[in-house]
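Single-structure report; data block below.
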Amino acid sequence: MRREGRTSTQRDDLLPPVLSTLRDRRPGPRIRVVVVETDEGVPRVRSGDLDLLVAYRCLPEDPPAPSEALTITVLGREPLVLVAGAEPGRRRPLELAECLEREWVSGHAHNPDRRLLHRWAGELGIAPQVTLETEDLHSMLAMIRAGLAVGLIPATLLVAGHGAGVERVVPPPEVEPLHREILAVSRPGARVPIMDELVTLLASAVEGAQSSEDFMVMRTL
């Protein structure tokens, strides 16, 4: 049995269809899925408790990094979109300047997404007031839909049927889009053919989601 982990802040819709495809192709081997955060999962890959970790990296200096003990494969770059609760009747896009006095939702103080938000805000010279903290993306979306906060949400989650009730906040034209890297983490030489096939399917799934027509619409709202 192969042991695969994913982070709890990964998209819930990314892994199931990939595992289903893999099961149809290879009905024999079983894969045990464990939901852990990146900082917990990486040591478990090193120790051999996990064979593969599907993780994310928000900032370039964040772990994991390639080493003699780890093999890192970048599956893709997932854009992060700033969204607010939809306002029926609004005649023009919501701009970032209109959100500076609102409450914001993000991860806990030292989490990667929170540090990314603060770095991005510092580069823009703004100071978002994060008053709602959660690790769960669906909870973030629920708070945003209710009009309680503004927050950064992975774009592929929004186009996977979870974008109803929110609208994209339009940043100034000079602002670079934010993203996070989706990674496959394993031990050198430890990937058996089924794990290589899983990594290939995951990379295709990330690429397909990012290049979908719905995703392009979401980017240009």
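Along the sequence shown, residues are numbered consecutively beginning with 1.
Between D62 and the choices R180, R119, R115, the salt bridge (Lys or Arg N to Asp or Glu O under 4.0 Å) rule is met once, by R115.
Hydrophobic clustering (side-chain heavy atoms under 4.5 Å, transitive across Ile, Leu, Val, Met, Phe, Trp, Tyr) keeps W120 apart from V83. Grouping the Ile, Leu, Val, Met, Phe, Trp and Tyr side chains by contacts below 4.5 angstrom, directly or via other members, places Y56 with L75. Under the 4.5 Å side-chain heavy-atom criterion for Ile, Leu, Val, Met, Phe, Trp and Tyr, L132 and L117 are members of distinct hydrophobic clusters. Residues V192 and V33 fall within the same hydrophobic cluster, defined by Ile, Leu, Val, Met, Phe, Trp and Tyr side chains chained together at heavy-atom separations under 4.5 Å. Grouping the Ile, Leu, Val, Met, Phe, Trp and Tyr side chains by contacts below 4.5 angstrom, directly or via other members, places V150 apart from V105.
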Between L80 and I153, is a side-chain contact (heavy atoms from CB on, under 4.5 Å) present by the stated rule, with each step listed?
CA-CA 5 Å; L80 301 172; I153 299 293; over 6 Å; no
Could you walk me through whether L82 and R168 pass the side-chain contact (heavy atoms from CB on, under 4.5 Å) check?
CA-CA 6 Å; L82 184 62; R168 182 173 181 256; over 6 Å; no
Check against side-chain contact (heavy atoms from CB on, under 4.5 Å), R46 and L70
CA-CA 7 Å; R46 287 196 182 99; L70 294 176; 3.6 Å; yes
side-chain contact (heavy atoms from CB on, under 4.5 Å) between L52 and V45, worked out:
CA-CA 7 Å; L52 180 73; V45 172; over 6 Å; no
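With rounding to the nearest 0.5 angstrom, the OG1 atom of T131 is 3.5 Å from the CD atom of E103. Separating the CZ atom in R187 from the CG atom in L53 is a distance of 11.5 Å, to the nearest 0.5 Å. Put simply, NE2 on H118 and CG on L59 are 11.5 Å apart, with the number rounded to the nearest 0.5 Å.
No side-chain donor-acceptor contact under 3.5 Å links W104 to the backbone of L152. Judged by distance alone, the side chain of D136 and the main-chain N or O of H138 form a donor-acceptor pair under 3.5 Å. Listed for the R57 side chain is no donor-acceptor partner under 3.5 Å among the backbone atoms of L183.
What you find for V36 and R44 is that their closest heavy atoms are CG1-NH1, 3.4 Å. The two residues D113 and G107 make their nearest non-hydrogen contact at OD2-N, 3.2 Å. Across every non-hydrogen atom of A84 and L94, the tightest pair is CB-CD2, 3.5 Å. When all heavy atoms are compared, the tightest approach of T71 to P188 is OG1-CA, 3.4 Å. The heavy-atom pair separating V185 from A55 by the smallest distance is CG2-CB, 4.4 Å. Contact between R145 and V166 at its shortest, heavy atoms only, is CG-CG1, 3.7 Å.
Put simply, the side chain of L201 reaches to within 4.5 Å of the side chain of R25, judged on heavy atoms. Side-chain contact between T73 and R191 is present, with at least one heavy-atom pair separated by less than 4.5 Å. Residues V175 and L96 fail the side-chain proximity criterion, which asks for heavy atoms closer than 4.5 Å. In this structure the side chain of V81 reaches within 4.5 angstrom of the side chain of L158, judged on heavy atoms. Side-chain atoms of R92 and V170, non-hydrogen and from C-beta on, never get closer than 4.5 Å to each other. With a 4.5 Å cut-off on side-chain heavy atoms, E135 and H108 count as touching. Here the side chains of L116 and L178 are in contact, with some heavy-atom distance below 4.5 Å. Side chains of Q129 and L100 form no contact here, defined as non-hydrogen atoms less than 4.5 Å apart.
Residue-environment remark: CD (E87) exceeds the threshold of 12 foreign heavy atoms within 6.0 Å. Residue-environment remark: CD (E101) stays at or below the threshold of 12 foreign heavy atoms within 6.0 Å.
Judged purely by distance below 3.5 Å, without hydrogens or angles, the side chains of R114 and H110 never pair a donor atom with an acceptor atom. Defined by atom type and a distance below 3.5 Å, a donor-acceptor pair is missing between the side-chain atoms of H179 and E78.
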